[in-house]
Amino acid sequence: MPELPEVETTVRGLRPPLEGRRLTRVETRRADLRRPFPPDLRQRMTGATIIGFGRRAKYGLLETDRGDVMIFHLGMSGRWRIDPGEIGAHDHLVLETDEGRVLALCDPRRFGSVDLVRKVDLAEFPAFKALGPEPLEPELNGGYLARALEGRTASIKAMLLDQRIVAGLGNIYVCEALHMTGIAPGMMAGRISRKRLDRLVDAIRNVLAAAIEAGGSTLRDYARPDGELGYFAKQWLVYGREGESCRCGGNVARRVDGGRSTFYCPKCQK
DNA sequence: CCGACAACCTGACGGC
DNA sequence: TGCCGTCAGGTTGTCG
């Protein structure tokens, strides 16, 4: 899944088959994912033309010429399959365009979601109201982070995973960014110097940009929207590398925080 | 405020 | 071959 770079890559991949195309078929194959599909999804999307594409945090956005925005979240295992040929058991939403292109939202674990809101109400969408700044936008900077983390005693890792602080980071890229900056994941967030926060912001930007550049994730069941496996050489320095040697000469360790694996190097992350 | 934990689901993998 | 335990990118809520 899908952290920010994978969602970004997905949205970019949806553009060619969908941009300017009218939907001739909108079919839900079951009633719900994490939440029920909007009951009027089919009625509002069928016949509509897709005119806009976007992303907010880990949510992908498809805008129609009727003033609606379909908001999808890929959860842990979601991906779009383009022209899949056959509809599979986990293809829960199927779109077809006036050109005969087929797009299937496949999500085995069903932690994802699909919502439909009026574009003018987008900012009021509950999941968007409390989101922090986009990490690739200028609103995220050392000054913002210093203010947001001031006085916080929670770990920096927990804070970076909190979508209200920064929107779109997940377990992998938080581990990677902290490693790149040499900050221990358990460090109290409010005690990190401004200088290190500046460097952390740079690392976050760099790791996300590199992942988008690489075409998204390299995780085992992630597929690019065209259905090709987006499986390239892993470039993570710590994630999933427990026991391997760090380039500083130390060894990558793994521990569990809040039920989630944290990969880090105890030697170069202090 | 904070950390821990469970719940929501299926699939992949390793060990035996 | 198969069975069983463990683990997985996220979000949301509860508990102490």
Side-chain angles (χ1 to χ4, degrees), chain A residues 1-11 29-37 55-60 71-81 88-92 105-115 125-132 135 148-178 185-191 204 207-208 211-212 214-225 229-232 234-236 238-243 254-263:
Chain A
M1 168 247 258
E3 299 186 28
L4 182 154
E6 291 74 31
V7 179
E8 180 65 33
T9 307
T10 294
V11 169
R29 316 270 301 168
R30 55 174 295 121
D32 54 23
L33 295 176
R34 180 175 186 69
R35 297 190 285 278
F37 284 107
R55 177 192 57 73
R56 178 74 174 106
K58 300 171 191 169
Y59 294 85
I71 304 170
F72 64 87
H73 194 290
L74 298 174
M76 294 274 266
S77 58
R79 60 194 171 96
W80 281 94
R81 304 203 302 141
H90 302 303
D91 294 328
H92 306 305
L105 179 59
C106 174
D107 184 4
R109 291 177 73 178
R110 306 205 302 270
F111 288 176
S113 60
V114 173
D115 293 282
F125 182 60
F128 288 178
K129 289 184 90 166
L131 283 179
L149 299 180
E150 187 179 2
R152 302 297 297 264
T153 59
S155 74
I156 184 64
K157 188 194 179 203
M159 290 290 92
L160 292 180
L161 285 173
D162 186 335
Q163 304 295 297
R164 295 169 296 188
I165 306 288
V166 183
L169 297 182
N171 203 31
I172 293 178
Y173 298 109
V174 166
C175 289
E176 292 297 317
L178 288 172
M187 180 112 189
M188 276 173 52
R191 286 219 202 140
I204 289 168
V207 74
L208 294 179
I212 291 170
S217 168
T218 59
L219 285 165
R220 70 175 75 85
D221 65 352
Y222 176 73
R224 292 167 59 164
L229 276 182
Y231 216 132
F232 306 101
K234 280 193 180 188
Q235 49 186 315
W236 316 133
V238 287
Y239 189 87
R241 293 191 178 278
E242 179 183 14
R254 172 184 177 269
R255 68 177 199 196
V256 177
D257 299 299
R260 315 197 63 193
S261 287
T262 302
F263 296 92

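Here is the naming used below: chain letters follow the sequence lines, and residue numbers restart at 1 for every chain.
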Take the protein atom CG of A:Asp91 and the nucleotide atom P of B:dC9, then report the distance between them rounded to whole Å.
19 Å
Could you check A:Leu74 against A:Arg79 for side chain to side chain contact (heavy atoms under 4.5 Å, CB included), going step by step and ending with a plain yes or no?
CA-CA 6 Å; A:Leu74 298 174; A:Arg79 60 194 171 96; 5.6 Å; no
Could you state the CZ-C1' distance from A:Arg110 to C:dG10, rounded to the nearest angstrom?
16 Å
If you measure only the distance, is there a donor-acceptor pair under 3.5 Å linking the side chains of A:Arg34 and A:Ser113?
no
Exercise: identify the closest heavy-atom pair between A:Val166 and A:Pro135
CG1-CB, 3.9 Å
Nearest heavy-atom neighbours spanning A:Ser261 and A:Asn171:
O-ND2, 2.9 Å
So what does A:Ser113 touch, heavy atoms closer than 4.0 Å: a base, only the sugar-phosphate, or nothing?
nothing
Residue-phosphate contact under 4.0 Å: A:Ser261 side-chain N/O, C:dA8 OP1/OP2
yes
Salt bridge (Lys or Arg N to Asp or Glu O under 4.0 Å) partners for A:Arg35, two or more places apart
A:Asp115
Any side-chain heavy-atom pair from A:Leu178 and A:Thr262 closer than 4.5 angstrom?
no
When every non-hydrogen atom of A:Arg56 is compared with those of A:Leu131, the smallest separation belongs to NH2-CB, 3.5 Å
Between P of C:dG10 and CD1 of A:Ile172, the distance in whole Å:
7 Å
Can you tell which of B:dC1, B:dC9, C:dC7 lies closest to the side chain of A:Phe111?
B:dC9
What is the separation between atom CZ on A:Arg109 and atom C1' on B:dA6, rounded to the nearest whole Å?
14 Å
Measure from the ring center of A:Phe72 to the ring center of A:Trp80 and say whether it is less than 6.0 Å.
yes
Assign A:Gly170 to base, sugar-phosphate, or nothing according to its heavy-atom contacts below 4.0 angstrom with the strands shown.
sugar-phosphate
When you get a sec, tell me which of B:dG3, B:dT10, C:dA8 is the closest nucleotide to the side chain of A:Ala154?
B:dG3
C:dG10, C:dA8, B:dC1: which one has an atom nearest the side-chain heavy atoms of A:Arg254?
C:dA8
Which value, in whole Å, describes the distance between the C1' atoms of nucleotides B:dC9 and C:dG2?
23 Å
Can you see if the side chain of A:Thr153 gets near the phosphate of B:dC2 - specifically, an N or O under 4.0 Å from OP1 or OP2?
yes
List, with names and distances, any nitrogen or oxygen atoms from the protein found under 3.5 Å away from nitrogen or oxygen atoms belonging to nucleotides 11-13 of chain C.
| from | atom 1 | to | atom 2 | distance (Å) |
| --- | --- | --- | --- | --- |
| C:dT11 | OP1 | A:His73 | NE2 | 3.0 |
| C:dT11 | OP2 | A:Lys58 | NZ | 3.1 |
| C:dT11 | O2 | A:Arg34 | NH2 | 2.8 |

For A:Lys157 and A:Asp257, the nearest pair of non-hydrogen atoms, with its separation, is CD-OD2, 4.5 Å
Considering just the side-chain nitrogens and oxygens of A:Arg152, establish if one lies under 4.0 Å of OP1 or OP2 belonging to B:dC1.
no
Result for 5'-nearest mapping on DNA chain B, choosing between A:Gly259 and A:Met159, is A:Met159
Taking CG from A:Leu160 and P from C:dG9, how many angstroms apart are they, rounded to a whole number?
16 Å
Just to be sure I understand: a Watson-Crick pair is purine N1 to pyrimidine N3 plus N6-O4 or O6-N4, both under 3.5 Å. Using that and G-U wobbles, which stems of three or more pairs involve DNA chain B?
B:2-8 with C:10-16, B:10-16 with C:2-8
Verify the contact: side-chain N or O of A:His90 to OP1 or OP2 of B:dG11, cut-off strictly under 4.0 Å; return yes or no.
yes
Closest listed nucleotide, where the reference is the side chain of A:Pro2 and the choices are C:dG9, B:dT10, B:dG3:
C:dG9
A:Tyr239 has an atom OH; how far is it from atom P of C:dA8, in whole Å?
6 Å
How many whole angstroms separate atom CE of A:Met76 from atom P of B:dA6?
16 Å
Point-to-point distance, once rounded to the nearest 0.5 Å, from CG of A:Asp32 to CZ of A:Phe37
7.5 Å
Between CZ of A:Arg79 and P of C:dG10 the distance, given in whole Å, is 18 Å
